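Here is how names work: the chains are called A, B, and so on, in the same order as the sequence lines, proteins then strands, and each is numbered from 1. Computed from a predicted structure; not experimentally measured.
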There are 2 protein chains.
Amino acid sequence: MSISPTTGLSGSMKAPSASSASTVTALGRRAVISREDLVAAALKLVGPHRSVSSLSLREVAREAGIAPNSFYRHFRDMDELAIALIDQAGRSLRTIIGEARHRATEGRSVVRSSVETFMEQLSADEKLLHILLREGNVGSDAFKLAVERELSFFEDELRVDLVRLAQAHDTAVHEPALAAKAITRLIFAMGATAMDLPRERHAEIAEQMIVMVRMIIVGTQTIAVHGTVPD
Amino acid sequence: MSISPTTGLSGSMKAPSASSASTVTALGRRAVISREDLVAAALKLVGPHRSVSSLSLREVAREAGIAPNSFYRHFRDMDELAIALIDQAGRSLRTIIGEARHRATEGRSVVRSSVETFMEQLSADEKLLHILLREGNVGSDAFKLAVERELSFFEDELRVDLVRLAQAHDTAVHEPALAAKAITRLIFAMGATAMDLPRERHAEIAEQMIVMVRMIIVGTQTIAVHGTVPD
DNA sequence: CATCTGTCTATACACTTGTATATTATTATC
DNA sequence: GATAATAATATACAAGTGTATAGACAGATG
């Protein structure tokens, strides 16, 4: 049931770089293919009309140029491969958004900067985002948990930002955790639908996202100041 | 008051044209199975771990008790069956929310009433909601378009409600269409994740949804009154 | 009655899938 | 060079898939 956060599963380091470990003597044939190669092969196969959970083991092996059975040297399942994919996608996106946040603190709007970076990345690094955005609802439990975990990372970081942002404006935030959750889920849901749209409309979607996020931020601040709200 | 598709007890008319029994004389053998029966069979197969797009034609035929080839008498594809399923799910949910809205106007909070009805239905009529909530991201274009269409129905109805609600409180709404879109997507995204949680936690999720929706409503009203907002 | 027509079934084909088993290839150490 | 260990392959199998083709059934029409 372990999600296996990194490639750490069952202490089998097949990576070719593993021989760099001094004392450890790797016996046997040198691995000609790595976990990363398989992940990359899977990545080449996913797309707007191809979900990770619909990939077959043989298909990935074919794309990677190995025999079907060799797959088992690196992953037990397609599920395990899928989780590795999610990890990579999550790491990538978190890095990107981190940069956006950093860029934002030196000037422009945090909201606009983050949303625009998100949408840029949607175009540039399509595949990874695809996986994270739209495949959290299908697939195995492990799969879903892995996506859920990535989302909660975003929520945590965003919550901290929301509080800091409010303090900078001398105001407060009502239920920052909930506000962060709402923003995260909303952005991801909007991003998922945006991926089916032509590039020209991405800017338009980004503007919609910005307004939506501002509604939530203004709402949570207003509630914090004026107390609860009429039904 | 059952939301379920009234799984056609037995072969009534099957013709999609619903030619009824007027002057048109149906030649040949009487259909022993109907489109609705096939839809019902597919519905029995979907679940938390089984997406519609992963169902096979043979599987549905087996569940319905017909030969695989008989499937083609009713649908061209599994895709076409999937779209019929979405239509049914959308109709069902719209009816339910309509009732919630009606119930709300005679007293309690529209937000609370709608959200709670939504979550109740999530438990009661799981299968149909599953389909609508989580399968909009995978599957064919036709599939995705069908889900998108259902969502836009909700958005339209919600937008009207938002404006009316604001008028009743002597205030205004900033970009009601966007606010409606944000609320819809958010509720659906939250609902999708809620389905993987045990029933006991549904009430908790419902409370979170209510707060989130209020944030958006308060936000859009505040922006409408105080104009735009600092970055 | 026979005939026609649409519904359903049976059989079959070519294909893909996951995986079990056995074999070969390549490397590091002795 | 021999040996041991490991990576990768080849072959095979049972199961599942979509669908083409042809025939069997049942009921209204002539």
Any residue meeting side chain to side chain contact (heavy atoms under 4.5 Å, CB included) with A:Asn69, in chain and number order, not counting sequence neighbours: A:Tyr72

Value in whole Å for how far the C1' atom of D:dA8 lies from CG of A:Leu38: 12 Å

Any non-hydrogen side-chain atom of A:Leu132 less than 4.5 Å from a side-chain atom of A:Leu128? no

Roughly how many Å is it from CG in B:Leu45 to P in D:dG16, rounded to a whole number? 14 Å

How long is the line joining CZ of B:Phe71 and P of D:dT19, in whole Å? 9 Å

Between CD1 of A:Ile66 and P of D:dA10 the distance, given in whole Å, is 12 Å

Can you tell me the distance, in whole Å, between the CG atom of B:Asp77 and the C1' atom of D:dT17? 14 Å

With A:Ala206 via side chain to side chain contact (heavy atoms under 4.5 Å, CB included) - residues at least two apart: A:Val115, A:Met119

If the condition is side chain to side chain contact (heavy atoms under 4.5 Å, CB included), which residues does B:Ala177 pass it with, not counting sequence neighbours? B:Arg159

Nearest-angstrom distance from the residue atom CD of A:Glu80 to P of C:dT19: 12 Å

Residue pairs fulfilling ring-ring contact (aromatic ring centres under 6.0 Å, His included) with at least one residue in residues 116-141 of chain B, sequence neighbours excluded: B:Phe118-B:Phe188

Selected nucleotide, minimal atom distance to B:Pro68 side chain, candidates D:dT9, D:dT19, C:dC8: D:dT19

Which parts of residues 53-63 of chain B get close to DNA chain D, meaning a heavy atom less than 4.0 angstrom away? B:Ser56, B:Leu57, B:Arg58, B:Arg62

Check every atom of D:dA20, D:dT11, C:dT9 against the side chain of B:Asn69 and return the nucleotide holding the closest atom. D:dA20

Side chain to side chain contact (heavy atoms under 4.5 Å, CB included) filter on A:Thr193, not counting sequence neighbours, yields B:Glu148, B:Arg185

How would you list, by chain and number, every residue that makes a side chain to side chain donor-acceptor pair (under 3.5 Å) with B:Glu150, sequence neighbours excluded? B:Arg94

For the helix from C:dC8-D:dG23 to C:dC30-D:dG1, what angle separates the axis at the start from the axis at the finish, each from five pairs, in steps of 10°? 20°

Euclidean distance, atom OH of residue A:Tyr72 to atom P of C:dT17 [Å, nearest integer]: 12 Å

Given C:dG18, D:dT19, D:dA7, the nucleotide with the shortest approach to the side chain of A:Arg73: D:dA7

Out of C:dC8, C:dT9, D:dT9, minimum distance to the side chain of A:Ser70 belongs to D:dT9

Could you give the NE2-to-C1' distance, from A:His74 to D:dA8, as a whole number of Å? 9 Å

Restricting to pairs with a member in residues 48-57 of chain A, which pass salt bridge (Lys or Arg N to Asp or Glu O under 4.0 Å), not counting sequence neighbours? A:Arg50-A:Glu59

Side chains of A:Lys144 and A:Asp141: does their closest heavy-atom pair fall under 4.5 Å? yes

